[in-house]
Amino acid sequence: MYRSRVFRGDMLSPPGQQQQGEQELATKMLQIQSKRFYLDVKQNRRGRFIKVAEIGADGRRSQIFLALSTAAEFRDHLSTFSDFYASLGPPNPENVPEDGKLKSEMMIKDNRRYYLDLKENSRGRFLRVSVSQTITRGGPRSQIAIPAQGMIEFRDALTDLLEEFGTDDGGFKGELPEGRHMRVENKNFYFDIGQNNRGIYMRISEVKTNFRTAITVPEKSWARFRDIFADYCEKMKEGGEKVSVAGGSEAGPNAK
DNA sequence: GCGGCTA
């Protein structure tokens with residue numbers, strides 16, 4: 001069983017107040033055995049996605065993110081996995097496959113790989129979903145385990161959300177800002193906005209007659225670049241006396 | 001009332 005809510009008003013709320021322009025469009029909670037799963041449909045400027053959070057009985061938390069298109073793929077896999085699970089006999093302690101993987105699938109979205117493994121251990125059977133290419137900065141682990149008995153319930157909840165919000169990831173679709181050119185004395189700078197499978201970026205190129213170099217700045221960090229730049233502008237305005245810009249956590253080329 | 005073979 002699950003409970004659900006849909007937020008209408010939040011879709012219209014100005015970006016920035018929640019999670020830096022991230023809106024929660026709907027949420028469902030399902031209790032599967034000792035675990036709770038939260039399925040949150042969210043949206044930011046990159047598009048729509050579902051955050052799946054697993055809360056263990058002890059309060060331990062892990063979560064994965066799925067683009068809506070990937071969530072749809074996952075939903076279809078869940079049907080296949082639960083069919084397969086239903087066809088299985090009782091666990092046989094003698095006949096365990098390598099690493100206990102009864103059935104596996106993989107999904108790829110941009111630079112992420114999602115591994116779906118139906119596994120079994122002494123506690124029973126479960127579907128492990130793990131995500132590779134994850135920047136693990138002390139955050140929750142990108143891996144969840146759904147008890148096999150709950151796969152159908154999970155699929156149905158996912159289906160409800162996908163029926164309401166569709167399977168279109170949305171986000172930018174080639175509507176990136178125009179590039180710009182700036183000339184400073186004998187130097188030329190170009191600002192180009194691009195997009196690849198890792199996301200949106202700005203390419204800043206310095207072009208002289210026989211010299212060209214460029215840096216690529218992920219969209220995620222534009223604001224921080226701007227802040228640092230602005231900070232230096234301020235510092236230089238204050239006068240040439242004690243010019244010292246607090247470095248903070250932003251490391252220079254010689255910092256360790 | 002869990003619990004999912006590490007970094």
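Order of the sequence lines sets the chain letters (A, B, ...), proteins ahead of strands, with each chain counted from 1.
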Any luck finding a side-chain donor-acceptor pair between A/Tyr201 and A/Arg203 under 3.5 Å?
no
In terms of ring plane angle, is the pair A/Phe154 and A/Phe37 parallel, tilted or perpendicular, where the classes change at 30° and 60°?
perpendicular
Under 3.5 Å, which protein N or O atoms sit close to an N or O of nucleotides 4-7 of chain B? Give each pair with its distance.
{"residue": "B/dG4", "atom": "OP2", "partner": "A/Arg60", "partner atom": "NH2", "Å": "3.0"}
{"residue": "B/dG4", "atom": "O4'", "partner": "A/Asn121", "partner atom": "ND2", "Å": "3.0"}
{"residue": "B/dG4", "atom": "N7", "partner": "A/Lys35", "partner atom": "NZ", "Å": "2.7"}
{"residue": "B/dG4", "atom": "O6", "partner": "A/Lys35", "partner atom": "NZ", "Å": "3.3"}
{"residue": "B/dG4", "atom": "N2", "partner": "A/Asn121", "partner atom": "OD1", "Å": "3.3"}
{"residue": "B/dG4", "atom": "N2", "partner": "A/Gly124", "partner atom": "O", "Å": "2.9"}
{"residue": "B/dG4", "atom": "N3", "partner": "A/Asn121", "partner atom": "ND2", "Å": "3.3"}
{"residue": "B/dC5", "atom": "OP2", "partner": "A/Lys119", "partner atom": "NZ", "Å": "3.1"}

Atom-to-atom span, CD of A/Gln149 to C1' of B/dG3 - whole angstrom:
12 Å
Looking at A/Phe225, I want to see if its CZ is surrounded by more than 12 non-hydrogen atoms of other residues, nucleotides or ligands under 6.0 Å.
no
Do A/Arg155 and A/Ser82 get their side chains close enough for a donor-acceptor pair, meaning under 3.5 Å?
no
Candidate list A/Asp168, A/Thr167, A/Asp169, test side chain to side chain donor-acceptor pair (under 3.5 Å), partner A/Ser69, passing option:
A/Asp169
